[in-house]
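Taking it in order: structure first as structure tokens, then the write-up.
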Number of protein chains: 2
Amino acid sequence: MADKSEQSAAASGLPTVRTISEVAGVSPSTVSRALKGDPRISEKTRAAVAAIAQQQGYTPNAMARGLVTRSSGVVGIVLGNLENPFYGELVERLHSRLVEIGKYPMLLHIGGETLDSEAIKPIRQYQMDGCIITAARLSSRAAETCANHRLPMVMINRVARIHSCTVSCDNYAGGMLAGELLLEAEHRRVAFIAGREDTSTSEDRESGLLCVLRKAQLTLAGRARGHYTYDGGFAAAQELLAADPRPDAIFAANDIMALGAIDAIREAGLGVPDDLSVIGFDDIRPTRWHNYRLTTIAQPVEAMITRSIELLSERMASPDLSGESISIKGEMKLRESVRLPAGFPANASPA
Amino acid sequence: MADKSEQSAAASGLPTVRTISEVAGVSPSTVSRALKGDPRISEKTRAAVAAIAQQQGYTPNAMARGLVTRSSGVVGIVLGNLENPFYGELVERLHSRLVEIGKYPMLLHIGGETLDSEAIKPIRQYQMDGCIITAARLSSRAAETCANHRLPMVMINRVARIHSCTVSCDNYAGGMLAGELLLEAEHRRVAFIAGREDTSTSEDRESGLLCVLRKAQLTLAGRARGHYTYDGGFAAAQELLAADPRPDAIFAANDIMALGAIDAIREAGLGVPDDLSVIGFDDIRPTRWHNYRLTTIAQPVEAMITRSIELLSERMASPDLSGESISIKGEMKLRESVRLPAGFPANASPA
DNA sequence: GATTCTAGTGCAATCGTGTGCGCGAACTGC
DNA sequence: GCAGTTCGCGCACACGATTGCACTAGAATC
């Protein structure tokens, strides 16, 4: 017995259940149960074990535990392009919420490209409990792997092409909000800067805008692609400005492109919002910078994360729950890149 | 035998070494060795095992492996405030380099605050192989924990208060570069916007600047704190502009603050670089935005990451290597926020 | 042809934790 | 006082991969 204890101590130097059990004079299983609060263990034993564990600085080995419970406590995270501050904010909050529920996030992938099966290998290697995906599309093989593995998965701002959960901002309603504001500000030549080809977010935001325009018997005064980047937005705005007559308002599918558009408009010698109004989507930090003061539709990040964690937790507890899609309304943030409608109260939000 | 195989298959559905071994008609140990390329296994057996593993879609269980090898393949990552795009860029590249060497990054902490011992718990739980820390300070207890654990650790842009490795930009030389450029541009009233109180990066950049000024028999024309944020830089610039005579150039300890400063200067009705030159540090994406075109000292991110991974790899292989500090020179990026020195070639870099 | 050597493989223990089942003691009820 | 129940705990195995050592078969040597 003493030999065994010395062996394990020599092996890693860190206390294990056996270390604790020998000090406490009980069996390893009792230690394990005591620390998990198993009701079969007497309160007296429990307290004694807990005290010794505390004093020895015991921390359970997550790998050993994961091996037998088949639950590693690890959640995979796939991030979009971090040049867009939106994802930075997202991952920061996601991280703390995951830690709160006792899970730790492992980075699977960063960047916008399609997620291939190589990138999701660690999901199987580490027997991940779940996965949160933002702004990337799974390759068909990768999706298949996830499905076979019955991996609880939540996609943020992505439509589900496979059986899974999604949480997104109500992009269609957001597009409508933007359109309504621009119409109230008496704009009639509204142009749109789209994101990437394959993203439903950009499409939905555009559809919302179009719906509102149609009701007012208007059509789009211009349309260009901005690839969700500043440079893309800049170039797209230049393209739109070349039209004759030029648009009097631009709605960009996200903030980064809107900022690019503002700079392009100004570089063309025009003023925002004097000559053109610009409205974005996301409400990232730089929209508040004094140079921009961009009016935008804020994504309800807090609510989206709360729901994502809920959906994920539920499915980690019962993997057979069916897929669910949640859509949350965004909120208009009125700043100074849109000409205010006549007699419009500065601090009110349009319905 | 058949029973056992069916049991393990039923347990998880995924192939294990045993599954492979039974199909191949060899023992699990042979499978393990064959897949690791052990020279004792004949080429014929190796190929057969590899083929079956491939066909069955076998992926080794990292937790089981980690349990016995005491190496989890996980590397902890501590990130600074992701509102600063610098860290976004950093983590994106760190991630891909880590994956290249077969390690996976787990997020330990995001944000600028001191790292307490709660946040680094997963290091022990998951028996992490190493840790990369950017822009956060360890609490004394956390540092002690790392030291006891002999955790290979590399800090990026942080001075080591404990026995470990650091990789940083040569902040002092960078400060000198900035100072020299401003003097060549015939500025004589140079002000500085500092970062947070406790950061050596800000201090070193300031010292470099001061050294150059001193040589030219000048002193700082102003100094304010910007807390490494846009708003902080904005407010700091306002404070500096209130001085009489006001500075004719501002060096900010990082780009985000420099951008805030530019906006403050313009909001005060002054021009950049006509009335004041502004220079930053980091070379984040927004410095290239058309509205700013900020001259800055670029951190050698690629080189810094390469060295960090090297240091970490070496120490994961031999944990007893002693601490090492590497400092890499940054590079001046000439843009338009600094008035060009008379007769200064636009595309040359100052010595 | 016997012996030594080597290449190739299998056995069994191990890492640290969780858990089904069994066992003894105490307690209850009549 | 005895049977049945409950309570508290330990035994032993499992999870999936790695690895030291033993073992076998064939080759090489004398």
Side-chain angles (χ1 to χ4, degrees), chain A residues 1 3-22 24-49 53 56-73 124-127, chain B residues 1 3-22 24-49 53 56 58-73 124-127 129:
Chain A
M1 277 298 183
D3 273 346
K4 279 201 169 181
S5 130
E6 275 168 22
Q7 274 180 11
S8 24
S12 77
L14 291 176
T16 74
V17 276
R18 188 139 69 198
T19 320
I20 311 290
S21 76
E22 280 159 12
V26 297
S27 80
S29 26
T30 301
V31 173
S32 172
R33 285 192 257 255
L35 294 176
K36 292 203 67 161
D38 190 307
R40 298 186 310 174
I41 303 297
S42 72
E43 185 51 36
K44 191 179 134 208
T45 311
R46 233 209 57 159
V49 167
Q56 300 258 340
Y58 170 75
T59 308
N61 183 320
M63 290 189 298
R65 171 184 290 167
L67 192 55
V68 54
T69 62
R70 305 184 166 288
S71 158
S72 61
R124 290 180 53 191
Q125 287 176 9
Y126 290 93
Q127 305 251 81
Chain B
M1 275 301 181
D3 274 346
K4 279 201 168 179
S5 127
E6 276 168 21
Q7 272 179 13
S8 26
S12 76
L14 291 175
T16 74
V17 275
R18 189 139 70 199
T19 319
I20 311 291
S21 74
E22 280 159 11
V26 296
S27 80
S29 28
T30 300
V31 173
S32 172
R33 284 192 257 256
L35 294 177
K36 294 201 65 159
D38 190 308
R40 296 186 310 175
I41 302 297
S42 71
E43 185 50 36
K44 189 180 138 211
T45 310
R46 235 209 52 159
V49 168
Q56 300 259 339
Y58 170 73
T59 308
N61 183 320
M63 291 190 297
R65 171 185 289 167
L67 193 55
V68 52
T69 62
R70 305 187 163 285
S71 158
S72 61
R124 289 180 55 192
Q125 286 176 8
Y126 289 94
Q127 304 250 78
D129 294 347

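Computed over heavy atoms, backbone and side chain alike; hydrogens, waters and symmetry mates excluded. The model shown is predicted, which means the values in this text are computed figures rather than measured ones. Note on naming: letters A, B, ... go to the chains in the order of the sequence lines (proteins, then strands), and numbering restarts at 1 for each one.
- Taking side-chain N and O atoms only, A/Y126 has no distance below 4.0 Å to OP1 or OP2 of D/dG16.
- For B/R18 against C/dG10, a side-chain-to-base donor-acceptor contact under 3.5 Å is absent.
- Between the CD atom of A/Q127 and the C1' atom of D/dG16 there is a distance of 9 Å, rounded to whole Å.
- Along DNA chain C, the nucleotide nearest B/V68 and the nucleotide nearest B/P39 are compared for position; the residue whose nucleotide lies closer to the 5' end is B/P39.
- A/V26 comes within 4.0 angstrom of sugar-phosphate atoms only, judged by non-hydrogen atoms across all strands, and of no base.
- Side-chain nitrogen and oxygen atoms of B/S32 include at least one within less than 4.0 Å of the OP1 or OP2 phosphate oxygen of D/dT18.
- Below the 3.5 angstrom threshold, one finds no donor paired with an acceptor across the side chain of A/S42 and the base of D/dC7.
- Contact check for A/Y58 versus A/V17: side-chain heavy atoms found under the 4.5 Å cut-off.
- Distances shorter than 4.0 Å separate none of the side-chain N or O atoms of A/R65 from OP1 or OP2 on D/dC15.
- Residue-to-nucleotide proximity on DNA chain C shows that, of B/R46 and B/L67, the 5′-proximal contact is made by B/R46.
- Mapping B/R33 and B/T59 onto DNA chain D via the closest heavy atom, the residue that lands nearer the 5' end is B/T59.
- In this structure, A/D38 pairs ionically with A/R40, as a charged nitrogen and a carboxylate oxygen lie closer than 4.0 Å.
- Distances from the side chain of B/S29 to the nucleotides C/dA12, D/dA17, D/dC9 place C/dA12 closest.
- Taking 4.0 angstrom as the limit, B/T30 places a side-chain polar atom (N or O) nearer than this to OP1 or OP2 of C/dG10.
- Rounded to an integer number of Å, the gap from B/K44 NZ to D/dG26 P is 12 Å.
- Using a 4.0 Å cut-off, some side-chain N or O of A/S27 falls inside it from OP1 or OP2 of D/dG10.
- Comparing atom distances between the B/K36 side chain and each of D/dA12, C/dG16, D/dT18 picks out D/dT18 as nearest.
- Comparing A/E43 and B/N61 by the nucleotide of DNA chain D that holds the closest heavy atom to each, the one mapping nearer the 5' end is A/E43.
- A/P28 comes within contact range of no nucleotide atom at all, as no heavy-atom separation falls under 4.0 Å.
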